[in-house]
Amino acid sequence: MSGRMRPETLIRPALRALSAYHVADARGMIKLDAMENPYAWPGELAEAWLAHLRDVRLNRYPDPAAHALKSRLRASLELPASYGLLLGNGSDEIIQLVAMAVAEPGRVLLALDPSFVMYRMIAAFSGMEFVGVPLKSADFSLDLDALLAAIECHRPVLVFIAYPNNPTGNLFPRDAIEQAIAAAPGLVVMDEAYAAFANASFLNRLGEFDNLLIMRTLSKLGLAGLRLGLLVGAPHWLNEIDKLRLPYNINTLTQLSADFALANQAILDAQARSICRERAEMLEALRALPGIQPFPSEANFILLRVPPGAADGLFDALRAAGILVKNLHPAGGSLRDCLRVTVGLPEENRAFLAALRAALERFQ
Ligand SMILES: *Cc1c(COP(=O)(O)O)cnc(C)c1O
């Protein structure tokens, strides 16, 4: 045994310095923390899905190229045949694949700050330097001068821009993003995880920028449990990235179920429209609460700033009332005093608002 390396010496220092991605225990709670679609499928649809799965041969490996699902996705997104399409086990896996494709020690992955935490985590996993460009602290809007200066100074090989942004919910101005894409020396991935709730996309702009890739996911649309993300872009990029993809990363049940769900996409789209209506009502109700500053959102969640020092207490009070939201206060910086709530079912949103109102009264 002597001489055998211990975790302190064997595990990469950059990995030991990280803490694991924490997922809160949500059992028995009204779950408004993770941007899931709250709606169930109608009974007949669920039955038809089960019938669709009846003939699955689980003894066989999945189709490694996911042909049927890919042609369904191409039709659904109206993708020209000239674009490549790569599938991931959630878009989280795609972030990892793209990072692995360009990672070298000393190279920079750049994102806005605050934004999706996986960009920073995966930069660390893949041994890249992370540069976060602060959003304006008053309203989380884009500081274009700062972004262009950071691109010029750090020459990032990879830029991720969540559009709309998580956890802030806003969209950045289209022309500012275009300037950033044009200035970037490396790849720019527009992460359109919330496209179903926003009236904006760069998908039809792919042909104009050689360094642009578009990432989507079915998670926020209503299929978070399936884990399916997708990347669209020029084949000369995607063919290289695809070499890193493990052969059977999209399992058979996901391929069949996603194909089935997209054949019935009108139902998911109608659910997204309901969520957008509820979002408008929730925003108005939050604006009427004393001491609460909600930020306008183009996604299926709302970021809110609460009275100074009250975030942890309000989060605990909501949890005690059976409602789980995301407490962003521990992240610090411009997210100090902030909570993020996912738009749920109408009755869940009412329960959240009532519990928040009651908790605020106790804090006055
Ligand atoms: C939720 C989220 C993702 C992750 O999506 P999965 O496909 O479930 O891995 C990616 N990007 C952003 C901005 C998100 O908010």
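Each residue takes its place number in the sequence, starting with 1. All heavy atoms count here, side chains included; hydrogens, waters and symmetry mates do not. In each ligand, atom 1 is the first atom listed, and ligand 1 is the first ligand listed.
- Not a single heavy atom of Met215 sits closer than 4.0 Å to an atom of ligand 1.
- Within the listing of ligand 1, atoms 3 (C), 4 (C), 5 (O), 6 (P), 7 (O), 9 (O), 10 (C) sit less than 4.0 angstrom from a heavy atom of Ser91.
- Annotation: side chain of Arg120 is in contact with side chain of Asp113 (closest heavy-atom distance under 4.5 Å).
- Close contacts of ligand 1 with Asp92, meaning ligand atoms under 4.0 Å from a residue heavy atom, involve 4 (C), 9 (O).
- At a heavy-atom distance under 4.0 Å, only side-chain atoms of Ala193, from C-beta outward, approach ligand 1.
- Shortest contact from atom 15 (O) of ligand 1 to any protein heavy atom: Tyr194 OH, 2.6 Å.
- For the pair Lys31 and Glu36, the salt-bridge criterion is met [side-chain N within less than 4.0 Å of a carboxylate O].
- Closest heavy-atom approach to atom 13 (C) of ligand 1 within the set Leu223, Asp191, Leu226, Val117: this belongs to Asp191.
- Of the protein's heavy atoms, Lys220 NZ, 1.4 Å lies nearest to atom 1 (C) of ligand 1.
- Taking CD from Glu93 and CZ from Arg227, the interatomic distance works out to 9.0 Å, rounded to the nearest 0.5 Å.
- Counting only N and O atoms by type, the side chains of Asn327 and Asp312 include a donor and acceptor under 3.5 Å apart.
- Below 4.0 Å from some heavy atom of Ser219 lie the following atoms of ligand 1, by number and element: 6 (P), 7 (O), 8 (O).
- Heavy atoms of Arg227 come nearer than 4.0 angstrom to ligand 1 in at least one pair.
- Salt bridge Glu208/Arg205: present, at least one basic N to carboxylate O contact under 4.0 Å.
- Aromatic ring orientation, Phe202 versus Tyr163: perpendicular (interplanar angle above 60°, classes split at 30° and 60°).
- Phe295 contributes atom CZ, which lies 5.5 Å from atom SG of Cys338 (distance to the nearest 0.5 angstrom).
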